[in-house]
Amino acid sequence: MRLRSADLTTVYLKSKVKTTDDEGNIITGGWSDSTALKMNVQSASGTVNAQIWGKQLKYVKSCKYQGDLLQEGRDENKGICLYVDKDSNPDYLINSIQTFSTHKNVVLEKIDKGDGSDG
């Protein structure tokens, strides 16, 4: 399978930054610099996704990615800047990555769902 370049959207990948405070505690705060990726991004749909996500389905994106920057088991919970500027905080988190022989299926979940909760 080969992704058509006309269908690809440029998104920006960001990792959470871990620092230590004065007492040596590890603090997670802020986001790293962005790295550009090209993905085929679509709204998640279908019966299975509706059963899994329920009312949250409208906040989920289904993506296809070809490349080596995302790895299954390593890059879940990293941020993706999809509808915001690359210098802003990410608006989506990587929920899951499934590796196939020619591509990766990536599920993104919106961080701020507008209901007063984050994530």
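Model, not experiment: these values are computed from the prediction.
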Revision key, fill the gap. Note: with side-chain heavy atoms under 4.5 Å as the link, the other cluster members for I26 come out as none
Practice item. Mind checking side-chain contact (heavy atoms from CB on, under 4.5 Å) for T10 and listing every partner two or more places apart, or none if nothing turns up? Key: Y12, A36, K38
Study note, to complete from the structure: Taken to the nearest 0.5 Å, the spacing of N40 CG from C63 SG works out to 7.5 Å
Exercise for review: Go through the structure and list residues passing salt bridge (Lys or Arg N to Asp or Glu O under 4.0 Å) with K104, not counting sequence neighbours.
Suggested key: none
**Study point:** Any residue meeting side-chain contact (heavy atoms from CB on, under 4.5 Å) with R74, in chain and number order, not counting sequence neighbours
**Key:** Q71
Point to revise | With S88 via side-chain contact (heavy atoms from CB on, under 4.5 Å) - residues at least two apart | key: V84, D85
Point to revise | Residues which pass side chain to side chain donor-acceptor pair (under 3.5 Å) with D7, listed by chain and number, not counting sequence neighbours | key: none
Point to revise | Partner residues of Q51 under the side-chain contact (heavy atoms from CB on, under 4.5 Å) criterion, sequence neighbours left out | key: T47
Exercise for review: Apply side chain to side chain donor-acceptor pair (under 3.5 Å) to D21 and list each qualifying residue two or more places apart in sequence or on a separate chain.
Suggested key: N25
Practice item. Using atom types as modelled and distance alone, determine if a side-chain donor or acceptor of K16 lies under 3.5 Å from a backbone N or O of G79. Key: no
Review point. What are the two closest non-hydrogen atoms of Y92 and K110, and how far apart are they?
Key: CD2-N, 3.3 Å
**Study point:** Residue pair P90 / C81: nearest heavy atoms and the distance that separates them
**Key:** CA-SG, 3.8 Å
Revision key, fill the gap. Salt bridge (Lys or Arg N to Asp or Glu O under 4.0 Å) filter on D87, not counting sequence neighbours, yields none
**Study point:** Nearest non-hydrogen partners of I97 and E76, listed with the distance
**Key:** N-OE2, 3.6 Å
Review point. Between L93 and N77, which heavy-atom pair has the shortest distance, and what is it?
Key: CD2-O, 3.6 Å
**Study point:** Which residues share a salt bridge (Lys or Arg N to Asp or Glu O under 4.0 Å) with D91, sequence neighbours left out
**Key:** none
Check your understanding: Can you tell me if S32 uses its side chain to pair, donor with acceptor, with the backbone of S15 under 3.5 Å?
Key -> yes
Check your understanding: Taking the hydrophobic residues Ile, Leu, Val, Met, Phe, Trp and Tyr, and joining any pair whose side-chain heavy atoms are under 4.5 Å apart, which ones share a cluster with I52?
Key -> V48, W53, L57, V60, V107
Check your understanding: In the hydrophobic clustering (ILVMFWY, side-chain contacts below 4.5 Å, transitive), which residues join V17, or is it alone?
Key -> none
